Number of protein chains: 4
Amino acid sequence: MNFSSDNVTGVCPEIAAAVNGANKGPAMPYGADDATSNVETAIKKLFQCEADVFLLSTGTAANVLALSVLCPPYGSIYCHPKAHIEIDECGGPEFYTGGAKLVLLPDRAGKISANDLAEALKNEHGDIHHVKPAVVSLTQTGETGAVYSIDEIKAITDIAHKHNMKVHMDGARFANAVVALGCSAAETSCKAGVDILSFGASKNGAFAAEAVVIFTPGLAKDFAYRRKRGGHLFSKMRFLAAQFEAYLKDDLWLKTARHANDCMDTLAQGLSEIEDVEVLLPPDANMLFARLPNRMITDLRAKGFAFYDWPGEDRSTIRLVTAFNTNKEDCVSFAREVREISKLHYEDP
Amino acid sequence: MNFSSDNVTGVCPEIAAAVNGANKGPAMPYGADDATSNVETAIKKLFQCEADVFLLSTGTAANVLALSVLCPPYGSIYCHPKAHIEIDECGGPEFYTGGAKLVLLPDRAGKISANDLAEALKNEHGDIHHVKPAVVSLTQTGETGAVYSIDEIKAITDIAHKHNMKVHMDGARFANAVVALGCSAAETSCKAGVDILSFGASKNGAFAAEAVVIFTPGLAKDFAYRRKRGGHLFSKMRFLAAQFEAYLKDDLWLKTARHANDCMDTLAQGLSEIEDVEVLLPPDANMLFARLPNRMITDLRAKGFAFYDWPGEDRSTIRLVTAFNTNKEDCVSFAREVREISKLHYEDP
Amino acid sequence: MNFSSDNVTGVCPEIAAAVNGANKGPAMPYGADDATSNVETAIKKLFQCEADVFLLSTGTAANVLALSVLCPPYGSIYCHPKAHIEIDECGGPEFYTGGAKLVLLPDRAGKISANDLAEALKNEHGDIHHVKPAVVSLTQTGETGAVYSIDEIKAITDIAHKHNMKVHMDGARFANAVVALGCSAAETSCKAGVDILSFGASKNGAFAAEAVVIFTPGLAKDFAYRRKRGGHLFSKMRFLAAQFEAYLKDDLWLKTARHANDCMDTLAQGLSEIEDVEVLLPPDANMLFARLPNRMITDLRAKGFAFYDWPGEDRSTIRLVTAFNTNKEDCVSFAREVREISKLHYEDP
Amino acid sequence: MNFSSDNVTGVCPEIAAAVNGANKGPAMPYGADDATSNVETAIKKLFQCEADVFLLSTGTAANVLALSVLCPPYGSIYCHPKAHIEIDECGGPEFYTGGAKLVLLPDRAGKISANDLAEALKNEHGDIHHVKPAVVSLTQTGETGAVYSIDEIKAITDIAHKHNMKVHMDGARFANAVVALGCSAAETSCKAGVDILSFGASKNGAFAAEAVVIFTPGLAKDFAYRRKRGGHLFSKMRFLAAQFEAYLKDDLWLKTARHANDCMDTLAQGLSEIEDVEVLLPPDANMLFARLPNRMITDLRAKGFAFYDWPGEDRSTIRLVTAFNTNKEDCVSFAREVREISKLHYEDP
């Protein structure tokens with residue numbers, strides 16, 4: 001009954017088993033082992049192209065290192081006002097790029113838009129008094145649960161490339177977006193013009209495993225040096241690799257994400273029929289924001305449900321996140337409780 | 001039969017079991033879980049003082065973050081020419097400090113000396129044209145296997161503090177040093193004047209777990225921000241904590257280190273009686289450097305032994321490292337093979 | 001007839017003479033000369049307190065170095081969306097602070113407001129996932145010509161200090177603000193709660209001279225190191241000092257600024273009576289933004305007047321800046337020309 | 001009678017006159033003025049190639065910005081242990097490169113040697129655990145007064161380029177070296193394989209003027225952004241340009257340097273015949289280091305001579321520097337005084 005985040009969960013059994021399985025005999029360190037090599041092959045196959053692949057253990061590390069090879073110190077990175085790189089990485093992008101600037105585009109239902117990007121770039125003429133537009137970063141699935149359509153991504157990458165900018169995709173919840181779109185991994189990333197992807201597994205059942213997938217050739221060597229000096233090169237790399245091997249094997253990553261998305265559907269449908277509950281954005285993937293009367297929130301907490309909230313005067317915003325191991329019954333019962341509490345409030349105001 | 005490094009090993013069973021055990025139910029992320037809190041308590045108890053504790057996953061991350069809170073961008077860090085922070089972190093200290101400078105003291109049998117430090121500091125008068133001496137970093141166990149005595153550490157920390165400098169200890173192999181000295185963890189660190197310790201577990205049986213232990217009050221908040229923006233704050237922190245809980249429980253960390261040191265004793269004694277083999281430094285802990293004729297090295301590799309070497313013309317330097325899971329029989333047989341090869345060479349030159 | 005900027009001007013005769021006068025005999029380098037010492041004394045006297053003073057040659061250097069001693073790498077700096085530090089220093093603040101973040105407050109008639117600052121800080125609770133609010137930077141005179149009243153400054157510094165933040169004032173046009181307010185230098189800076197001031201002279205008649213005045217004790221040593229490594233410590237410092245000596249002598253700096261402000265008054269009064277010309281903000285000091293029909297702009301250029309513009313479809317925004325050596329007749333004739341052009345357009349549409 | 005440094009001098013009359021001459025009417029800021037354009041043309045002509053030219057005001061700024069476009073954050077810069085970039089810039093190169101490392105080559109009579117460089121690079125194989133060799137920086141004239149022959153430079157640049165490294169020349173005293181070698185400016189820089197030159201004027205008669213001359217194409221845009229964010233883009237650039245115009249006009253720069261070198265010849269010849277005075281290195285240009293009995297040093301100071309010294313027990317090392325405006329009579333009389341003091345001491349021990 002914990003909808004706080006997909007990072008309060010433990011680890012998917014298949015992934016835990018793989019890590020245990022990798023604990024046999026010696027293996028060359030720092031990625032010179034077989035498992036790492038196998039994962040690189042598997043990821044290239046998944047994206048159907050000659051990518052460079054780097055394993056990491058946190059999503060922030062993946063994002064900031066990806067940005068560090070795309071953006072010079074005097075460059076700028078265009079992103080959503082709620083982007084993880086802007087809000088939740090304590091200035092990591094600024095640190096890893098040597099002092100680049102994040103420029104915030106307007107929020108359009110949890111996404112950035114190609115039009116706003118084009119508008120913002122209109123007045124940039126390479127004047128050296130300003131930072132130089134270098135990167136667009138978009139989050140798929142977005143921080144408020146929205147999923148970009150393939151066309152929306154293409155429109156953004158087109159404009160970026162026209163301005164000699166590169167495109168980074170923060171895919172901490174990439175799996176949930178791929179499931180939501182019903183497309184291939186490549187279609188919503190490299191084939192849509194993304195240059196570099198933070199491909200997350202940690203929120204979708206791994207211990208701590210992320211892969212930076214570099215589609216644009218020529219950035220790998222630079223990345224390797226930067227990963228090392230960032231303190232992100234694991235000696236016993238096989239244990240990161242084992243997580244990803246299991247993650248990709250037999251499409252485990254899509255199964256776990258599908259389960260999370262399905263749970264969210266149940267939750268969303270349950271909530272949508274209830275008076276007094278305002279679902280703020282269509283929950284495209286595994287995350288939902290809703291506004292509720294504070295009394296209801298108190299009651300739900302009392303029933304044992306856990307979630308984050310942003311308190312307001314009479315009504316507050318809550319966030320619900322489902323994960324690979326969410327119990328679907330919990331979703332049903334959450335919706336039921338909300339409904340009953342809602343009735344109570346109305347019958348006895 | 002692999003003496004390459006203590007990072008080619010897998011994971012100690014007790015630690016693997018603890019990680020599996022931690023994979024139950026939800027837990028608050030980012031260190032707000034119980035396991036992390038327990039580890040902090042255990043480490044304070046171990047060092048018998050009110051330290052601040054931060055869990056990390058790589059030794060480089062521990063070192064560079066530790067240095068970043070001790071050294072201003074315009075400062076300098078005095079260390080050994082072979083220090084990991086100088087040679088093996090790809091400029092990580094320079095990156096995390098915002099451009100500090102590493103100043104190299106002379107190699108004295110694998111260590112730095114208080115005298116050399118005092119001498120080097122004599123001509124520093126706070127001239128703003130130079131970087132400002134801010135930190136001394138020493139490695140316990142050192143990169144070539146030497147262990148500092150408690151008095152040697154005290155002499156160095158005394159001089160450092162007299163010059164308003166702080167002392168960092170790189171303890172990637174701290175356990176092996178504590179075992180070698182037969183002292184307590186506190187005696188060779190905080191009680192000897194060390195301000196901040198990188199307390200390693202990865203090389204001694206963990207998956208990927210290090211703790212930065214801050215003895216000097218007032219640095220914790222700064223460290224927390226820097227860890228986050230460095231991309232080193234784990235969401236599922238309980239799995240780092242679980243490793244450390246098992247590591248410290250029933251002195252597992254000392255048992256594993258003792259085994260490694262014992263294996264090295266066996267190896268060293270075996271080698272010391274053999275003509276043509278020059279052991280370069282007394283192997284205080286679990287690492288040994290020796291110079292051998294190249295023919296012997298070729299023969300040993302053919303027998304299936306693995307180790308790193310630094311090739312020379314007729315003779316080369318090899319490095320042997322033992323670990324928590326080294327088979328003592330392998331040590332005996334390695335020494336035996338060396339002896340037999342040596343005889344062969346002498347009988348049939 | 002050039003209203004482009006106060007940096008297209010040459011140098012005030014008194015300052016040029018002082019620099020020539022300083023070119024006599026040897027003088028100790030790097031600020032150990034008498035002139036530098038004299039300037040420090042004069043500036044302390046001007047601000048009626050024990051400030052630390054550092055001479056520099058560009059306004060950007062003054063701003064970024066000032067911010068670098070106030071803001072940690074993981075900190076944030078609140079400022080106006082058009083602040084020079086945000087728009088015109090190519091990421092210098094991010095560079096010098098080691099990657100801090102600039103947070104933009106709403107534009108309130110060319111200024112930031114205490115209310116908006118308080119609102120923005122409400123949700124900051126020291127969460128290490130976010131950058132830490134560390135500095136408020138305000139520009140006096142602002143980039144669009146607005147001057148903060150003393151009360152407005154006090155309201156902002158009060159809130160900043162309540163949140164343990166420091167206050168930086170970008171005073172590239174400080175003189176023009178002091179003249180506009182008719183107050184003392186101290187009243188609109190240190191006495192109003194400003195911690196550190198970029199005190200500009202370059203735009204008001206010097207070759208290239210700025211002083212960073214640090215009112216908050218304890219930051220001087222750090223500043224000295226950072227100035228040196230930034231490449232901003234002049235060897236022949238006496239020539240920077242000579243500029244400032246002349247600048248302050250007999251209140252030259254106020255006379256030059258008063259002239260510039262007076263010229264602007266003339267310009268503004270002239271323009272205010274003209275149909276078709278929209279003065280966008282009250283020109284508090286020596287800068288004015290106005291919106292004019294494009295035809296008028298073309299005609300004014302043809303008459304030989306120089307100024308910057310931001311082109312629009314039918315009407316465009318122009319910026320007029322007056323300086324220490326603006327010919328007041330030019331202001332009169334500019335206004336006259338505008339009036340005549342305006343009539344023409346109306347009579348013959 | 002001041003031999004402390006070539007930066008205790010004032011400014012050459014021709015240069016002072018040029019600056020005064022430039023103080024007429026408005027001029028476009030930030031280098032868009034005619035004088036800057038003229039200087040660029042003059043410098044290209046001087047070096048007989050299509051260089052990019054950037055004017056700056058301090059030697060440290062020139063060096064660190066030059067290095068910042070040649071060396072990635074994970075790179076290393078090979079230099080002399082007494083190089084200005086290592087000793088006298090307070091970590092500026094580390095700051096501007098984002099944390100690169102300076103690697104010190106052995107001192108060979110005040111220079112670095114091609115052989116030592118080749119030897120140092122032998123063991124670098126692109127291992128990402130180490131920083132990547134990126135730049136060799138040599139100082140012409142060196143910090144102890146030695147001048148590299150053209151062949152010595154070529155040998156160094158050959159090895160550097162063979163290893164895909166770039167070569168920076170710190171030419172704070174470039175003029176003195178050109179005079180000493182009797183060659184053209186191009187012969188000892190671009191034609192000898194130098195990629196980027198810090199071309200100094202400040203120590204040779206200017207107020208504060210340096211030019212970075214980039215011979216390798218493709219680095220200019222990056223440099224422009226970095227200069228701006230470093231706070232080194234002057235608004236009233238014409239006054240930097242005016243200094244350089246005068247500096248180059250009618251070979252003024254060579255005349256002033258020739259005078260300084262001639263004065264040093266006089267000084268050196270005078271000292272060479274004196275017992276008890278040990279000249280430490282042949283004074284190739286305008287700087288000399290000598291070891292003298294402390295009593296002599298005290299007596300010389302009493303006679304009014306000024307110079308820096310590095311005190312020893314019985315004998316100390318002094319440094320003598322001549323400049324564009326050194327009075328040759330002072331050199332003669334200094335040598336004469338030394339001789340007389342020397343006699344006194346011997347006659348009356």
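Labels below follow one simple rule: chain letters A, B, ... track the order of the sequence lines, proteins then strands, and each chain is numbered from 1. All values reported here derive from a predicted model rather than from experimental measurement.
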Heavy-atom pairs under 4.5 Å with chain A: which of B:Thr60, B:Leu65, B:Asn2, B:Asn7 has the most?
B:Asn7
Under a 4.5 Å cut-off applied to non-hydrogen side-chain atoms, are B:Leu240 and B:Ser57 in contact?
yes
Checking [X] against chain A: side chain, backbone, both or neither under 4.5 Å from a heavy atom?
{"X": "B:Tyr30", "answer": "side chain"}
{"X": "B:Ala17", "answer": "neither"}
{"X": "B:Asn63", "answer": "neither"}
{"X": "B:Phe95", "answer": "both"}

Chain B-proximal positions within residues 220-237 of chain A [heavy-atom distance under 4.5 Å]
A:Tyr225, A:Lys228, A:Arg229, A:Gly230, A:Gly231, A:His232, A:Leu233, A:Phe234, A:Ser235, A:Lys236
Option in A:Gly91, A:Ala208, A:Gly59, A:Ala323 with maximal non-hydrogen atom pairs under 4.5 Å from chain B:
A:Gly91
Is B:Asp309 salt-bridged to B:Arg301, going by a charged N under 4.0 Å from an acidic O?
yes
Any side-chain donor near an acceptor of the partner, B:Asn204 and B:Asp6, under 3.5 Å
no
Checking B:Thr141 side chain against B:Arg173 main chain: does a donor-acceptor pair fall under 3.5 Å?
yes
State whether the side chain of B:Tyr247 and the backbone N or O of B:Gly200 hold a donor-acceptor pair below 3.5 Å, judged by distance alone.
yes
Given that the side chain runs from C-beta out, which part of A:Asn325 has a heavy atom under 4.5 Å from chain B: side chain, backbone, both or neither?
neither
Can you list the residues that meet the salt bridge (charged side-chain N to carboxylate O under 4.0 Å, His left out) rule with A:Glu337, with sequence neighbours excluded?
A:Lys303
A:Glu94: which residues meet the salt bridge (charged side-chain N to carboxylate O under 4.0 Å, His left out) condition with it, sequence neighbours left out?
C:Lys101
Quick one: side-chain hydrogen bond (donor to acceptor under 3.5 Å, both in side chains) pairs with a partner in residues 8-28 of chain A, sequence neighbours left out?
A:Asn20-B:Asn20
I want to know whether B:Phe324 and B:Trp253 have ring centres closer than 6.0 Å.
no
